[in-house]
Amino acid sequence: ARNCVRLFLAKPLLGAEFHSAREVLIESAEGGPLSVHMDGEPGGSTPVAVEVRPRALRVLAPPAP
């Protein structure tokens, strides 16, 4: 919940790391499966591969501080 407020205030998120990639594999650090939600809807469990296709998604974000 803290990060939701920080996101809307355009402040750095606590405990978050940002990387640039076209495809990522998301896994649990504990080794067991974790629930995955996409846009608020259940989307399976980890591990999950996520791919971003060029020009397939429009994102509106505040400018970097």
**Item:** Donor-acceptor contact present, side-chain Thr46 to main-chain Leu34, <3.5 Å
**Value:**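 Judged by distance alone, yes, a pair lies under 3.5 Å.
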**Message:** Ignoring hydrogens, what is the shortest heavy-atom contact between Pro47 and Leu25? Give both atom names and the distance.
**Reply:**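 Scanning both residues, the minimum pair turns out to be CB-CD1, 4.1 Å.
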**Asked** Can you name the nearest heavy-atom pair linking Arg6 to Pro12, along with the distance?
**Response**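 So the two residues come closest at NE-O, 2.7 Å.
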**Prompt:** So, do Glu23 and Val50 sit near enough that their side-chain heavy atoms are less than 4.5 Å apart?
**Reply:**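 Side-chain contact under 4.5 Å: no.
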**Item:** Residue pair Val36 / Ile26, side-chain heavy-atom distance below 4.5 Å
**Value:**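 With C-beta onward as the side chain, the pair stays apart.
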**Request:** Report the distance from atom CG of Leu9 to atom SG of Cys4, rounding to the nearest 0.5 Å.
**Result:**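 Result: 11.0 Å between the selected atoms.
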**Message:** Show, in sequence, the C-alpha distance, side-chain angles and deciding distance for Val48 and Glu27, and conclude whether the side-chain contact (heavy atoms from CB on, under 4.5 Å) test is met.
**Reply:** CA-CA 7 Å; Val48 62; Glu27 300 177 297; over 6 Å; no
